Structure formats: C-alpha cells, structure tokens
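Notes follow the structure.
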Amino acid sequence: MILVHGAWHGSWCWASVTPHLAARGIPSVGVNLAGHGLNGRPPFARSARPFDPAALATELSPVAGVSVRDAAEALVDRIRLAGNGEPCVVVAHSLGGVIATAAAELAPELFAHLVYLSAYVPVAASVAELAASYHSFDRVLVADPAVVGALRLDPVNPALRDEIRELFYGDVDVSAAEAAIALLSNDAPAQFAAEKVTVTRERFGAVPHSYIVCAKDNAIPEVLQRRLVRVIDAASVAATGVVTLDSSHSAFLSRPAELAGVLAEAERGGGSWSR
C-alpha cells in the first residue's frame with residue numbers, strides 16, 4: 001500500500017497508521033511528493049536571522065515551477081519500485097489527490113485501487129477553483145502564490161498556529177498537533193493547486209476508486225468532499241465507494257487505527273463500502 005501525503009506534509013504523517021496496517025498484514029510505504037519532505041527545500045528567509053516576514057512573503061520558492069506532471073511521474077516511479085511493478089493500493093490525502101489522479105491517468109496498470117482521503121480531485125476544476133468558495137487556506141498563507149510560486153505557510157509563526165491547528169488538526173491531541181505543525185514544510189508548489197488534470201474513462205476511470213469523507217474537516221468541507229465523489233463518478237466506469245469518518249482533516253493522526261481498518265477493507269477490494 002502506497003501512502004501519499006498532502007500539501008506541506010511528508011511521509012512522516014503516516015507514522016501512526018503504518019503499524020496498524022502492519023498488524024493486519026499489510027505492508028505500506030509512505031512517499032514524499034516532489035517539492036516536499038526530503039524532496040523539497042525551504043526558502044532562505046525561513047531561517048534567516050534577523051527574521052524578515054517581508055522577505056518570506058516575496059522570496060521565490062525553491063520548488064516554484066514543479067508541475068503536477070513532474071510530481072505524478074515521480075509518484076509513478078515510486079509505486080513501480082515499491083510494488084516491484086505490480087499494481088498497488090494507493091491512498092492519497094488532501095492535495096496529494098491531485099498528484100495521485102494524474103499518476104493514475106499516466107499508469108493505471110500500477111493502481112489496484114485508488115483511495116482518496118478527504119482529497120482534491122481536480123478533474124472538473126483546479127484546486128484553486130474548487131476551494132475559492134470556502135477560503136479555508138487563505139487565512140494561513142503568508143505570500144501570494146503568483147509572486148513566490150508556492151502555497152507558503154509560516155508554521156512557526158505563533159499568530160498562525162491556532163489557525164493551522166484548527167484547519168488541519170481539529171480533533172488531534174494538542175501535543176501531537178503541535179509536533180505535526182513543527183514538521184510542516186513552508187512551501188507546496190503553486191502548480192499543484194493551479195492545474196486541472198485531464199483524465200479518461202479508459203485509464204483513470206477504469207481504476208477502482210474509493211473516497212473517505214472526513215465529516216469534521218475544516219480544510220475541505222464535507223459538502224465539497226461529496227461533490228468530488230460525484231466528479232470521480234462522472235469520469236469513471238464504476239461508482240465510487242464511500243466511507244465516512246467522524247474526523248478532522250488529519251484522520252491519520254486522530255483516528256489511525258480506525259483509518260487503518262478502512263484502508264484494510266480497500267486492500268481486500270472494498271466490497272462492503274457504500275454511500
């Protein structure tokens with residue numbers, strides 16, 4: 001099972017889920033998307049002293065220009081390597097859904113099942129267009145994406161920590177949420193939110209799909225998640241299986257055992273999932 005994180009996160013965010021999957025006999029690998037984790041670099045202004053917030057708001061991102069195609073091709077390579085060329089169950093969270101969608105169109109033969117965990121599916125519209133009505137990310141960004149080429153956070157800013165915690169980790173233990181915030185990257189490539197992904201029923205649409213709705217999500221509201229399920233259905237051969245968790249955006253931290261149980265069902269084919 002391949003675990004794909006969302007914006008500003010990394011493979012580390014799945015650390016509480018993988019032991020529960022292992023206990024069920026399911027091997028899993030967390031990957032770092034292009035521009036994230038070990039594949040990313042922070043802006044110089046992040047650590048410059050004295051700290052200059054104006055510099056952070058204007059410095060061109062080291063990950064500016066990384067495209068959805070770049071990231072999707074890198075993800076395909078990781079899936080092929082981890083699965084030794086055999087199809088895998090791929091789980092994509094949040095903005096990671098953009099990259100997983102593009103990867104499934106590129107190499108559907110490597111996807112045994114694609115599970116979206118409160119994730120964006122930019123088929124009918126880009127993430128920026130989908131999120132425009134909800135303004136959930138606006139209040140935590142510290143730079144104009146058009147200027148710096150990235151969706152930029154300042155997670156160490158005390159004035160924003162409560163907002164970030166509410167957005168991503170509303171039902172996560174405070175100490176765990178604080179630890180997660182400390183691990184967040186500053187930048188996610190702006191193109192991940194700006195690009196729409198073109199898919200076909202013969203490739204992406206032929207991959208079995210499921211969607212885990214997080215009912216207490218402050219980042220991607222439930223109403224938008226369910227709209228995205230309909231978007232997947234419209235582009236797919238078969239209907240999308242749906243499971244609802246009473247969780248915030250980060251179910252991998254707040255409900256790791258329950259999430260692992262749901263993912264184990266996907267590994268078995270997701271036959272009991274319903275709307």
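We number each residue from 1, following the sequence as shown. Nothing here was measured: the structure is a model prediction, and the numbers come from that model.
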Shortest non-hydrogen contact between R24 and A257, atoms and distance: NH2-O, 4.4 Å

Closest approach of S67 to Q191 (non-hydrogen atoms, all atoms of both residues): CA-CB, 4.1 Å

From CG (L33) to OG (S11), nearest 0.5 Å: 9.5 Å

Quick check: does any side chain N or O of E129 sit under 3.5 Å from a backbone N or O of S126, one acting as donor and the other as acceptor? yes

Checking R227 against L130 for the side-chain contact (heavy atoms from CB on, under 4.5 Å) test, could you report, in this order, the C-alpha distance in whole Å, the side-chain angles of both residues, the deciding distance, and whether it holds? CA-CA 10 Å; R227 173 184 166 190; L130 290 166; 3.8 Å; yes

Salt bridge (Lys or Arg N to Asp or Glu O under 4.0 Å) involving D217 - partner list, sequence neighbours excluded: none

Could you go step by step and tell me if V89 and I26 meet the side-chain contact (heavy atoms from CB on, under 4.5 Å) rule? CA-CA 10 Å; V89 173; I26 301 172; over 6 Å; no

Correct closest heavy-atom pair for K196 and P122 would be CG-O, 3.2 Å

Would a single hydrophobic cluster contain both V156 and I181, if residues Ile, Leu, Val, Met, Phe, Trp and Tyr are joined by side-chain heavy-atom contacts under 4.5 Å? no

Closest non-hydrogen atom pair between V197 and A102, with its separation: CG1-CA, 3.9 Å

Residues which pass side-chain hydrogen bond (donor to acceptor under 3.5 Å, both in side chains) with R69, listed by chain and number, not counting sequence neighbours: E73

Can you tell which of V237, V199, L106 makes a side chain to side chain contact (heavy atoms under 4.5 Å, CB included) with F204? V199

Write down the atom of A180, the atom of W12, and the distance for their closest heavy-atom approach. O-CH2, 3.6 Å

Keeping Y211 on the side-chain end and A119 on the backbone end, is there a donor-acceptor pair under 3.5 Å? yes

Quick check against the 3.5 Å criterion: does H93 have a side-chain atom that pairs as donor or acceptor with the backbone of H249? yes

pair L21-W14: side-chain heavy atoms closer than 4.5 Å: no

Is it the case that one hydrophobic cluster holds both V174 and L253, taking links as side-chain heavy atoms less than 4.5 Å apart, direct or via other members? no

Is a side-chain N or O of H209 found less than 3.5 angstrom from the main chain of V207, in a donor-acceptor match? yes

Check whether D233 reaches the backbone of T240 with its side chain - one donor and one acceptor, N or O, closer than 3.5 Å. yes

Hits for salt bridge (Lys or Arg N to Asp or Glu O under 4.0 Å) against K216, two or more places apart or cross-chain, chain-then-number order -> D246

Same cluster or not: are V142 and F51 linked, directly or through other Ile, Leu, Val, Met, Phe, Trp or Tyr residues, by side-chain heavy atoms under 4.5 angstrom apart? yes

Residues 35-45, side-chain donor-acceptor partners within the protein, below 3.5 Å, at least two apart:
unit_1	atom_1	unit_2	atom_2	d
H36	ND1	A34	O	3.2
H36	NE2	W8	N	3.2
N39	ND2	N32	O	2.8

Intermediate values then yes/no, salt bridge (Lys or Arg N to Asp or Glu O under 4.0 Å), D162 and R165: CA-CA 5 Å; D162 287 346; R165 187 166 64 235; 2.9 Å; yes

Nearest-0.5 Å distance, OH of residue Y116 to CG of residue L228: 9.5 Å

Is N186 reaching over with its side chain to a backbone N or O of L153, donor-acceptor style, under 3.5 angstrom? yes

List the residues meeting salt bridge (Lys or Arg N to Asp or Glu O under 4.0 Å) with E86, not counting sequence neighbours, and say none if there are none. none

Crowding at CZ, R78 (>12 non-hydrogen neighbours, <6.0 Å): no

With rounding to the nearest 0.5 Å, note down the distance linking CZ in F111 to CD1 in I2. 9.0 Å

Residue set satisfying salt bridge (Lys or Arg N to Asp or Glu O under 4.0 Å) with R161, at least two apart, ordered chain then number -> E178

Between H20 and L259, does the side-chain contact (heavy atoms from CB on, under 4.5 Å) criterion hold? Intermediate values first, please. CA-CA 9 Å; H20 291 287; L259 176 59; over 6 Å; no

Side-chain heavy-atom pair S210, V243 within 4.5 angstrom cut-off: no

Without hydrogens or angle criteria, can the side chains of T244 and R226 be said to hold a donor-acceptor pair below 3.5 Å? yes

Out of curiosity, L3 CG to S28 OG, how far, rounded to the nearest 0.5 Å? 5.0 Å

Less than 4.0 angstrom from a charged side-chain N to a carboxylate O is my criterion; do D77 and R80 meet it? yes

Hey, any chance V147 and F137 share a hydrophobic cluster, counting ILVMFWY side chains that come within less than 4.5 Å of each other, even indirectly? no

Nearest heavy-atom neighbours spanning V148 and L60: O-CD1, 3.6 Å

Would you check, one step at a time, whether the test side-chain contact (heavy atoms from CB on, under 4.5 Å) holds for Y120 with L224? CA-CA 9 Å; Y120 284 107; L224 177 53; 4.0 Å; yes

Got a second to check how far S250's OG is from L167's CG, nearest 0.5 Å? 9.0 Å

OG of S247 to CD of E258, rounded to nearest 0.5 Å, is 8.0 Å

R152 side chain vs L141 backbone, donor-acceptor pair below 3.5 Å: no

Q225 side chain to C214 main-chain N or O, any donor-acceptor pair under 3.5 Å? yes

Exam field: side chain E105 to backbone T200, donor-acceptor pair closer than 3.5 Å: yes

In terms of the angle between their ring planes, are F168 and H9 parallel, tilted or perpendicular, with boundaries placed at 30° and 60°? perpendicular

